[in-house]
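Both backbone and side-chain heavy atoms feed into the values below; hydrogens, waters and symmetry mates do not.
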Amino acid sequence: MGLPTFQGLEIAKSGMMTYNTAMQTAAHNLANVGTRGYSRQVVKTNAHTTAISSIKVMGSGVYVQDVERQRTEYYDTKYARMNTSYNRYATHAYYLNEVQRKLYAADETTGGITNAFDVFCSQLTALPNDAGEQARRKQITTYGITFTSFIQETASYLQDLQSEANTEIKSCVEQINAIAEKIASVTKQINMIEAYGGSANDLRDQRTVLIDDLSELCDVSVLEEKPQEGVGTNRFYVYVDGATLVDGFEYTPLIVTESENKKNINDINGLYEVRWSDGTPFHPYSETLGGKLQALFEVRDGNNGAVLSGNATGKLEANDEGNLTFSMNNATVNDVNLLNIPATDGELTIGNVTYGYDHFDVTVEDDGSFTYTFTLKMKGTPQQAVSLNNAINAKKTVTVGKQVEYKGVPYYMAQINEFVRTYAQEFNDLHKEGYDVYGNHGIDFFNAQVPLTGDNYIFTKKDANGHYSSFSSVAEREPNGSYTGSYYYMTAVNICVTKDLQWDENLFACNEACLPGQSENKNILKLSGLKDDSKMFLHGAPDSFLQSFTADISVDCQKAFTLRDSQKNIRDAVDLQRQSVSGADEDEETENVLVFQRMIFNQYKVLSVMNEVIDKLINGTAV
């Protein structure tokens with residue numbers, strides 16, 4: 001039993017159709033050589049067979065089995081991880097470089113806190129020679145103003161960086177939501193095409209590109225599940241830090257809101273908080289969040305893990321306004337110079353519950369330890385107070401702010417706060433021991449501006465035990481119009497030279513003894529010697545503190561650059577490996593077009609021969 005008479009024509013036809021598809025696919029590859037994320041497509045063919053009998057099978061042509069997308073999931077996953085890591089370190093490098101530009105002095109002529117401090121101290125050293133001249137007193141006051149203005153300018157610059165990172169957080173979240181929406185939409189199109197046996201290779205490439213874009217912002221993982229028993233369509237999932245961002249045709253957006261509370265004393269207003277719309281907890285400081293988003297949270301909120309903590313104690317009470325108050329002892333911070341929690345509108349956590357506080361008060365005990373009393377924003381209703389009261393009775397740990405293990409803007413701000421508070425206290429104490437031109441004791445040389453009013457503070461002195469007195473986080477105005485309180489009120493943002501000294505340079509206390517109208521300059525020698533006081537800081541003298549501080553910035557910045565460059569090299573190497581599998585080569589695809597063109601011509605020849613045979617068979621032998 002032979003093949004049907006016209007089977008030869010069918011074989012030629014199948015060849016023409018198959019190689020025409022192959023040529024078009026090669027042309028499609030060639031057209032997309034420069035298309036980002038495009039995967040080379042290959043036509044998989046198979047031989048047609050016809051059963052002649054139960055033991056004999058004859059060939060009957062060729063057919064297109066599938067148009068396959070040349071892609072390796074292993075390289076896609078590896079690239080996404082490296083891209084996430086690279087963008088995290090690239091973001092670190094950018095912001096740390098901006099911090100370094102402002103704080104680090106490469107030489108004596110460039111800016112930097114170190115140079116500004118050195119210039120101020122050099123004027124103190126020169127002053128004793130002619131301290132009696134009013135012009136020299138004016139000069140040292142002016143340099144003091146320049147020094148404090150530089151500190152304020154630096155703090156303002158750091159706050160601008162924090163604001164920039166805060167804005168970028170919102171932008172990143174919006175991009176994540178937009179990409180998630182596109183992924184869900186493309187997934188729907190893919191399933192609609194493939195449900196009817198079609199090939200959605202180009203749409204799958206688009207989805208892969210979207211995953212690549214998403215991996216810049218955060219760590220992302222994907223999962224595609226085939227339908228059970230082959231019935232239905234594939235289910236595609238996208239996860240961000242363990243939470244589901246995309247589930248098939250639906251996505252869960254992230255929501256950005258402005259926080260009412262701050263985490264650090266010099267934080268800007270309106271820091272953004274991020275949460276999942278379905279109530280799933282979002283962890284901004286998770287090590288697995290990854291990408292640009294994690295880096296932005298670290299830069300904005302990083303305090304190198306330094307937070308105030310202690311044990312809840314005392315009794316839960318309500319104040320005159322009905323707000324709940326409670327105390328905390330065994331505190332980790334018992335020094336105003338190191339205290340950087342917000343004066344108002346802060347937040348604290350007891351157990352797993354976070355509360356906002358309105359303000360706090362500090363009681364300095366006989367041993368110098370601090371007992372903090374927080375006035376919460378919540379009212380003292382029984383329902384609201386139950387969990388808090390239980391936590392206090394259990395003496396659970398209280399944590400004020402968030403522990404973020406990274407040296408971000410809050411960390412550098414805290415370092416500057418520690419420097420200005422410590423140096424200002426020592427300088428002011430010595431200055432007040434001396435006498436001015438009028439024969440009066442000196443006043444505070446360095447001061448801070450009261451918010452809103454712009455007035456200066458009157459800082460309290462240490463007691464006989466060397467401890468400062470108790471204070472409230474918000475200074476209240478005395479009946480005489482002055483503001484008295486702790487050096488906690490002084491920060492890098494508001495440090496200044498006392499207004500009275502700015503108006504009258506004769507108040508500068510150069511003398512050690514009361515000598516009206518005369519200058520013996522002994523007190524100024526003590527003031528100039530503070531620069532070399534090795535006991536002032538843990539790192540030694542003020543110069544050593546600043547040098548260590550700025551060197552720390554330089555090391556961190558260089559580390560970020562090194563990590564960024566190394567991750568970029570690894571990412572690019574992975575991308576080259578990925579392109580070796582999925583990339584379309586111009587020369588190779590051009591050759592394929594020509595090869596498949598010749599294959600089609602061969603089918604034309606078969607068709608021509610078969611046409612002659614049939615013509616001879618029918619027309620030449622017909623009776």
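- Taking the side chain as every heavy atom from C-beta outward, Ile179 and Leu217 approach each other to under 4.5 Å.
- Judged by distance alone, with hydrogens and angles left aside, the side-chain atoms of Asp585 form a donor-acceptor pair with the main-chain N or O of Glu588 at under 3.5 Å.
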Apply side chain to side chain contact (heavy atoms under 4.5 Å, CB included) to the pair Leu9 and Leu607, showing each step before the final yes or no.
-> CA-CA 6 Å; Leu9 294 177; Leu607 185 64; 3.4 Å; yes
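- Put simply, the side chain of Asn191 gets close to the backbone of Asn234: a donor and an acceptor are under 3.5 Å apart.
- Among residues two or more places apart in sequence or in another chain, the ring pair (Phe, Tyr, Trp, His ring centres under 6.0 Å) test is passed with Tyr74 by none.
- Asn569 places a side-chain N or O within donor-acceptor distance of the main-chain N or O of Asp565, the cut-off being under 3.5 Å.
- Side-chain contact check for Phe549 versus Glu418: every heavy-atom pair is 4.5 Å or farther apart.
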Before giving the answer on side-chain hydrogen bond (donor to acceptor under 3.5 Å, both in side chains), spell out for Asn303 and Lys263 the whole-Å C-alpha distance, their side-chain angles and the decisive distance to 0.1 Å.
-> CA-CA 10 Å; Asn303 53 21; Lys263 298 177 178 63; over 6 Å; no
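- Contact check for Asp572 versus Met82: no side-chain heavy atoms found under the 4.5 Å cut-off.
- For Tyr38, the ring pair (Phe, Tyr, Trp, His ring centres under 6.0 Å) test picks out His28, with sequence neighbours left out.
- Take His283 and apply the ring pair (Phe, Tyr, Trp, His ring centres under 6.0 Å) test, not counting sequence neighbours, and it matches no residue.
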Start with the C-alpha gap between Glu224 and Glu73, add the side-chain angles, then the distance that decides, and say whether side chain to side chain contact (heavy atoms under 4.5 Å, CB included) holds.
-> CA-CA 11 Å; Glu224 187 169 11; Glu73 184 179 345; over 6 Å; no
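- Between Lys292 and the options Glu216, Glu168, Gln175, a side chain to side chain donor-acceptor pair (under 3.5 Å) holds for only Glu168.
- At a threshold of 4.5 Å between non-hydrogen side-chain atoms, the residues Leu296 and Thr91 count as touching.
- Using a cut-off of 4.0 Å between Lys/Arg side-chain N and Asp/Glu carboxylate O, Asp267 and Arg300 are scored as not salt-bridged.
- Although no hydrogens or angles enter the test, the distance criterion places a donor-acceptor pair under 3.5 Å between the side chain of Ser277 and the main chain of Pro253.
- For the residue pair Arg69 / Thr208, a side-chain donor-acceptor distance below 3.5 Å is found, with atom types taken as modelled.
- Defined by atom type and a distance below 3.5 Å, a donor-acceptor pair is missing between the side-chain atoms of Gln159 and Asn266.
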Show me the donor-acceptor pairs within less than 3.5 Å that the side chains of residues 396-406 make with the rest of the protein, sequence neighbours left out.
from	atom 1	to	atom 2	distance (Å)
Gln403	NE2	Gly305	O	3.4
Gln403	NE2	Glu405	OE2	3.2

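- Without hydrogens or angle criteria, Ser14 side chain to Val62 main chain gives a donor-acceptor distance under 3.5 Å.
- A search for salt bridge (charged side-chain N to carboxylate O under 4.0 Å, His left out) contacts involving Lys559 returns nothing, not counting sequence neighbours.
- In this model, no donor atom of one side chain and acceptor atom of the other lie less than 3.5 Å apart for Asn417 and Thr491.
- Judged by distance alone, with hydrogens and angles left aside, the side-chain atoms of Asn166 form a donor-acceptor pair with the main-chain N or O of Gly270 at under 3.5 Å.
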Please test Arg578 against Asp212 for salt bridge (Lys or Arg N to Asp or Glu O under 4.0 Å), starting from the C-alpha separation and ending with a verdict.
-> CA-CA 13 Å; Arg578 183 167 69 160; Asp212 286 348; 3.2 Å; yes
Given the rule in the side chain to side chain contact (heavy atoms under 4.5 Å, CB included) test, do His92 and Arg564 qualify, once you have shown the distances and angles that lead to the verdict?
-> CA-CA 8 Å; His92 283 165; Arg564 178 200 63 185; over 6 Å; no
Worked check of side-chain hydrogen bond (donor to acceptor under 3.5 Å, both in side chains) between Arg207 and Thr187 | CA-CA 8 Å; Arg207 189 168 66 183; Thr187 298; 3.1 Å; yes
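- Residues Val606 and Met16 have side chains not in contact (no heavy-atom distance under 4.5 Å, counting atoms from C-beta outward).
- Salt-bridge annotation for Asp575 and Arg571: absent, with no side-chain N of the basic residue lying under 4.0 Å from a carboxylate O of the acidic one.
- Below 30°, between 30° and 60°, or above 60°: for Tyr239 and Tyr237 the angle between ring planes is below 30°, a parallel geometry.
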Run the numbers on Tyr411 and Asp556 for side-chain hydrogen bond (donor to acceptor under 3.5 Å, both in side chains), then give the verdict.
-> CA-CA 13 Å; Tyr411 167 78; Asp556 289 342; over 6 Å; no
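- Scored by the side chain to side chain contact (heavy atoms under 4.5 Å, CB included) test, Asp278 finds Thr252, Trp276, Thr280 as partners (sequence neighbours excluded).
- Minimum interatomic distance between Tyr285 and Asp301 (heavy atoms only, all atoms of both residues): OH-OD2, 2.6 Å.
- Looking at Thr18, its side chain never comes within 3.5 Å of a backbone N or O of Gly15 through a donor-acceptor pair.
- Using a 4.5 Å heavy-atom threshold, the side chains of Ile169 and Leu293 count as touching.
- Using a 3.5 Å distance cut-off with no hydrogens or angles, the side chains of Asn87 and Asn83 do pair a donor with an acceptor.
- Every residue meeting the salt bridge (charged side-chain N to carboxylate O under 4.0 Å, His left out) condition with Glu153, not counting sequence neighbours, appears here in chain and number order: Lys102.
- Using a distance-only test at 3.5 Å, with no hydrogens or angles considered, a donor-acceptor pair links the side chain of Thr84 to the main chain of Ser215.
- In this view, Asp160 and Ser156 satisfy the side chain to side chain contact (heavy atoms under 4.5 Å, CB included) rule, not counting sequence neighbours.
- Partners of Arg101 by salt bridge (charged side-chain N to carboxylate O under 4.0 Å, His left out), not counting sequence neighbours, listed by chain and number: Glu98.
- Judged as a ring pair (Phe, Tyr, Trp, His ring centres under 6.0 Å), and not counting sequence neighbours, Tyr251 has no contacts.
- Aromatic ring pairs are classed by plane angle as parallel below 30°, tilted from 30° to 60° and perpendicular above 60°; the pair Tyr63 and His48 is tilted.
- Residues Arg71 and Ser39 approach most closely at NH1-OG, 2.6 Å, considering heavy atoms.
- With sequence neighbours excluded, the residues that form a side chain to side chain contact (heavy atoms under 4.5 Å, CB included) with Thr21 are Thr25, Val43, Val64.
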Worked verdict on Leu161 versus Val299 for side chain to side chain contact (heavy atoms under 4.5 Å, CB included) | CA-CA 9 Å; Leu161 284 181; Val299 168; 5.9 Å; no
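- Residues Val274 and Phe282 share a closest heavy-atom pair of O-CD2, 3.5 Å.
- Put simply, the side chain of Thr562 gets close to the backbone of Gln558: a donor and an acceptor are under 3.5 Å apart.
- Leu103 has its side chain within reach of Ile416: a pair of non-hydrogen atoms, C-beta onward, lies under 4.5 Å apart.
- Between Glu194 and Arg204, the closest side-chain pair of non-hydrogen atoms falls below 4.5 Å.
- Listed for the Asn29 side chain is a donor-acceptor partner under 3.5 Å among the backbone atoms of Gln41.
- Checked against side chain to side chain contact (heavy atoms under 4.5 Å, CB included), Gln70 has the following partners two or more places apart in sequence or in another chain: Arg40, Val42, Glu68.
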